[in-house]
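The structure appears right after this line, and notes come after that.
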Amino acid sequence: MGVRFRLPLQKLHPFSRAIHHRYSSNSNPQRPPHCTSARHYTSLSRLPMRPPKSRSGGHGYQQQRSFWVARLAARLLKLRYILLGSAVGGGYTAKKTYDEWKDMLPDFSEYTWIVPDFVWEMAENIDLDKLAAALPEMEEIAKLLPDMEKIGENFTFLKSLLSSDKEKVDQLQEELLRTQLKYQRMLERLEKENKELRKVVLQKDDKGIHQRKVKKSLIDLYSEVLDILSDYDSNYNTQDHLPRVVVVGDQSAGKTSVLEMIAQARIFPRGSGEMMTRSPVKVTLSEGPHHVAMFKDSSREFDLGKEDDLAALRREIELRMRKSVKEGQTVSPETISLSVKGPGIQRMVLVDLPGVISTVTAGMASDTKETIFSISKAYMQNPNAIILCIQDGSVDAERSIVTDLVSQMDPQGKRTIFVLTKVDLAEKNLASPSRIQQIIEGKLFPMKALGYFAVVTGKGSSSESIDSIKDYEEDFFQSSRLLREGMLKAHQVTTKNLSLAVSDCFWKMVRESVEQQADAFKASRFNLETEWKNNYPRLRELDRNELYEKAKNEILDEVISLSQVTPKHWQSILQKKLWERVSTHVIENIYLPAAQTMDSGTFNTTVDIKLKQWTDKQLPHKALEVAWETLQEEFARFMAEYKGKDQDDIFDKLKEAVKEESIKRHKWNERAMDSLRVIQHNALEDRSITDKPQWDAAIQFMEETLHSRLKDTESVISDMVGPDWKQRWMNWTNRTSEQHVRNETKNELERLLKLHEDHTAYLANDEVTTVRKNLEARGVDVDPVLIKDTWHQLYRRHFLQKALFHCNLCRRGFYYYQRHFVDSELECNDVVLFWRIQRMLGITANTLRQQLTNTEVRRLEKNVKEVLEDFGEDTEKKVQLITGRRVQLAEDLSK
């Protein structure tokens with residue numbers, strides 16, 4: 001169908017005629033018959049066809065791939081409609097718009113003069129009929145319209161595809177699950193083969209290294225470092241900064257079972273509902289050719305493939321736990337160190353802690369709950385510790401205590417791994433399985449974690465093996481709706497995946513923390529070195545062991561110095577000390593009783609008897625005591641006066657302890673006492689003074705002894721009677737009432753001695769009465785005992801004065817001695833007694849000197865060496881004896 005324009009244009013300008021022709025009201029008497037249908041098509045063409053969106057939601061990438069054919073067809077149809085609608089509708093719309101504008105325009109014929117002439121001339125060059133002929137006919141446009149019946153068929157096909165969408169999604173999920181399980185089994189089979197191959201390789205390597213030094217694995221070395229640091233008490237808390245996996249959970253939540261699954265052996269004692277983990281157990285897992293376990297402080301290996309060894313290991317762990325618990329307590333903070341090796345075991349260090357409880361039951365200590373909390377916090381507060389939080393899935397989540405504790409220690413969850421145990425019981429008991437999904441997604445608990453895992457650790461029987469538990473866990477998750485319906489992801493289930501994740505996290509934490517620890521150690525060492533340089537600039541950094549070796553050499557040098565002591569020095573010091581020890585006995589028990597007899601025969605008899613008794617019972621023993629004390633004093637003197645270039649007062653405590661222990665162990669040869677007794681007896685039996693020098697030496701010895709005793713006696717009397725008039729005048733002191741009585745008694749007794757110079761050593765009773773009455777007559781009330789006591793000291797002074805006078809007379813008595821005092825009133829038997837004593841002292845000192853230099857010094861040196869060896873093997877002893885900031889600094893620097 002064409003459109004024709006037949007209007008008279010003769011009287012108009014060519015351009016005006018063209019405008020009038022287009023917009024004249026009579027120029028288009030009829031409307032095109034397809035105006036309504038064209039408008040409908042035009043509006044439809046502006047809404048491109050789109051397939052309806054799926055409302056099922058959550059089908060993922062697999063659902064989109066399922067409908068790629070339908071979507072491709074829809075997009076092709078959409079493109080076709082756009083092109084056709086744009087071509088046809090665009091042309092028709094342009095024509096229709098042109099006609100409408102022409103009708104609406106007014107008659108501009110009267111205003112043609114406004115338009116320049118050249119514009120009207122343009123109409124001659126434009127053929128409107130040709131433009132109208134170029135437009136397509138309506139029949140052609142109708143042919144280009146889409147087939148609505150085919151479009152309906154396409155919509156029916158799309159509807160059928162959408163209706164089967166849910167069924168296909170279920171089929172695809174089942175197929176995906178079967179594929180995952182298939183590859184999981186293939187992976188397990190490959191891992192098993194790899195495990196066997198590694199076992200063979202490790203066995204071959206184990207056989208090849210017996211003849212060379214065994215190299216420890218990295219995890220073993222790391223575990224030893226943790227053990228050393230846990231025992232090392234320093235101010236820097238270094239042991240708290242190294243990573244380890246801390247296993248915490250409520251009591252009976254399955255902590256130990258999870259650890260056993262990771263270790264691949266039932267190694268821990270178990271009980272029904274009671275607390276079995278009573279102290280922290282540090283388990284070092286590493287790979288090895290044989291599946292064995294060993295304690296840190298024991299060389300016994302437990303074969304984990306044998307049930308008898310497993311039972312023995314469980315008993316040993318339980319016994320160690322009970323021993324570590326102090327009386328009156330339920331749990332202990334002492335750590336039990338255990339290492340487990342085996343093929344395919346992930347390398348890491350785990351610490352199994354006692355289960356957290358909410359109530360203290362009968363039989364537990366009252367502070368058990370607080371003690372468990374403090375132990376758990378002590379391990380979890382380590383910023384590099386990985387917290388393995390175990391939650392029992394079979395109980396209500398609201399009953400959990402450990403989640404609050406973990407969230408307090410790690411609020412951001414940057415080092416926490418959450419493990420939900422007993423998922424099989426949880427799925428069976430929970431009415432809404434989506435609750436498990438909420439737990440695993442971290443939406444139910446306020447705590448945060450790096451990862452969430454769901455595991456099954458058996459059916460609850462203590463007789464189950466690790467392999468049977470693994471099979472049960474695999475079978476459960478294969479048939480579990482939790483995994484089938486997408487509530488759990490495949491990488492979040494099984495203890496195998498948990499073990500891999502924990503191991504990866506552990507070593508990542510180790511790598512990150514080692515650098516930090518290295519920086520901390522460098523800073524600490526710099527501080528220690530600076531302190532050493534400032535305080536001890538001229539001393540080498542010697543630790544406790546090096547200082548001990550230095551002190552040991554010094555002590556041995558000092559002991560050797562004893563052998564350099566001259567015989568003259570030994571002789572002199574032994575004789576002097578021996579006389580100091582026996583002088584009191586000689587004067588009080590031998591000389592004075594014999595001299596007071598006033599008869600030479602009685603004197604000699606009394607002296608001989610008493611000397612014999614003294615020699616048989618006391619003298620040899622006293623002599624050996626003196627010799628041993630002399631050796632000790634000389635040894636101590638050499639140790640105290642040792643002046644060497646390396647002298648150090650830090651060894652004083654050690655030297656004193658070595659000296660005391662050596663002396664304690666040293667015993668004088670008992671056979672020496674018998675020989676010494678014979679020598680002393682023979683020396684005292686001899687009365688033959690051969691020459692005048694010996695006689696003069698005896699006189700001098702006697703005078704020195706008597707003068708010493710007289711001086712002591714006068715000192716005693718002076719203390720008894722108090723100060724005299726000169727001392728009272730010079731020092732402004734007075735006598736006490738007792739001293740006044742003593743002084744009056746002394747004066748009375750002195751008058752008695754002047755009247756009777758040859759008075760005996762004892763006062764008679766009538767003399768005591770006379771003295772007392774005389775004193776009472778002067779107003780002095782005195783006790784008889786006080787009179788006798790005062791008389792004893794006064795008579796002793798009087799006797800010693802007479803003995804000194806007699807000793808002076810005997811200086812010229814050697815001639816009479818040679819004639820045995822015949823026809824002479826002078827008798828000097830007391831001089832002979834002192835000569836015998838002096839000679840015995842010289843012979844005894846010489847004998848003891850020979851024993852010291854020939855035997856006892858060597859034996860003491862041997863004892864000192866033994867003591868030093870014993871102290872060197874006793875670390876605690878060295879810590880006690882070598883102390884100080886200098887030692888601690890050197891120890892810290894050496895570590």
Side-chain angles (χ1 to χ4, degrees), residues 187-227 244-245 247 256-270 281-320 335-352 457-458 462-471 473 494-496 498-500 502-503 506-507:
L187 181 62
E188 291 177 356
R189 180 174 56 81
L190 292 174
E191 287 178 350
K192 185 176 181 181
E193 293 177 357
N194 184 35
K195 179 179 176 181
E196 295 296 331
L197 289 174
R198 290 182 64 84
K199 182 177 180 181
V200 173
V201 171
L202 290 171
Q203 286 177 343
K204 289 182 178 180
D205 185 58
D206 187 52
K207 293 177 181 178
I209 63 176
H210 282 310
Q211 302 301 325
R212 66 178 187 270
K213 186 177 180 180
V214 178
K215 294 182 179 180
K216 295 183 179 180
S217 64
L218 177 61
I219 189 64
D220 291 332
L221 293 174
Y222 182 79
S223 178
E224 289 182 3
V225 170
L226 291 180
D227 290 334
R244 65 208 68 170
V245 182
V247 186
T256 303
S257 299
V258 171
L259 206 156
E260 286 180 336
M261 292 295 292
I262 296 176
Q264 300 181 16
R266 308 298 297 272
I267 58 178
F268 290 103
R270 54 186 60 85
V281 181
K282 181 176 74 68
V283 183
T284 304
L285 301 179
S286 59
E287 195 170 21
H290 306 290
H291 201 186
V292 295
M294 182 187 299
F295 288 99
K296 167 192 169 184
D297 55 354
S298 175
S299 59
R300 178 185 176 183
E301 284 190 350
F302 296 88
D303 190 349
L304 301 183
K306 298 179 181 179
E307 193 60 37
D308 292 342
D309 281 18
L310 275 173
L313 177 61
R314 288 192 289 265
R315 288 193 301 270
E316 181 66 19
I317 292 176
E318 184 175 5
L319 180 62
R320 287 173 179 254
T335 303
I336 299 174
S337 296
L338 177 70
S339 63
V340 177
K341 297 183 180 181
I345 294 180
Q346 298 298 319
R347 301 176 302 154
M348 67 186 89
V349 178
L350 302 100
V351 181
D352 186 20
T457 55
S462 60
S463 60
E464 288 182 286
S465 64
I466 295 295
D467 293 335
S468 63
I469 295 175
K470 285 183 178 180
D471 295 338
E473 184 182 41
T494 71
T495 51
K496 180 68 175 179
L498 170 64
S499 176
L500 293 172
V502 173
S503 179
F506 170 76
W507 286 108

Between R300 and A312, the two heavy atoms sitting closest are NH2-CB, 3.9 Å

Once you round to the nearest 0.5 Å, how far does CZ of F295 lie from CD1 of I317? 4.5 Å

Is P343 close to H290 at the side-chain level, that is, under 4.5 Å between some pair of heavy atoms? no

Dump the intermediate steps for side chain to side chain contact (heavy atoms under 4.5 Å, CB included) on Q346 and V502, then the final yes or no. CA-CA 9 Å; Q346 298 298 319; V502 173; over 6 Å; no

Which atom pairs, one a donor and one an acceptor, fall under 3.5 Å between side chains of residues 302-311 and the rest of the protein, sequence neighbours left out?
unit_1	atom_1	unit_2	atom_2	d
D303	OD1	G305	N	3.0
E307	OE2	R314	NH2	3.3
D309	OD2	D303	N	2.8

Got a second to check how far R347's CZ is from S286's OG, nearest 0.5 Å? 9.0 Å

Mind listing the closest non-hydrogen atom pair of I469 and G458 along with its distance? CG2-N, 3.4 Å

Nearest-0.5 Å distance that lies between atom CD in E287 and atom NZ in K341: 11.5 Å

pair V351-V281: side-chain heavy atoms closer than 4.5 Å: no

Quick check on side-chain contact (heavy atoms from CB on, under 4.5 Å): which of Q264, M294, H291 does V340 satisfy it with? H291

Partners of E316 by side chain to side chain donor-acceptor pair (under 3.5 Å), sequence neighbours excluded? R320

Roughly how far, to the nearest 0.5 Å, is the CG atom of L259 from the OG1 atom of T457? 12.0 Å

Minimum heavy-atom distance between T256 and F268, given as atom pair plus value: CG2-CB, 3.2 Å

For T495, side-chain contact (heavy atoms from CB on, under 4.5 Å) partners two or more places apart: M261, V455, E473

Working to the nearest 0.5 angstrom, can you tell me the gap between I262 CD1 and L285 CG? 7.5 Å

Quick one: NZ on K282 to CG on D352, what's the gap to the nearest 0.5 Å? 13.0 Å

Between I466 and K470, is the side chain to side chain contact (heavy atoms under 4.5 Å, CB included) condition met? List the steps. CA-CA 6 Å; I466 295 295; K470 285 183 178 180; 3.9 Å; yes

Spell out, as yes or no, whether a donor-acceptor pair under 3.5 Å connects the side chain of S503 to the backbone of L500. no

Hey, does the side chain of E260 reach the backbone of I267 with a donor-acceptor pair shorter than 3.5 angstrom? yes

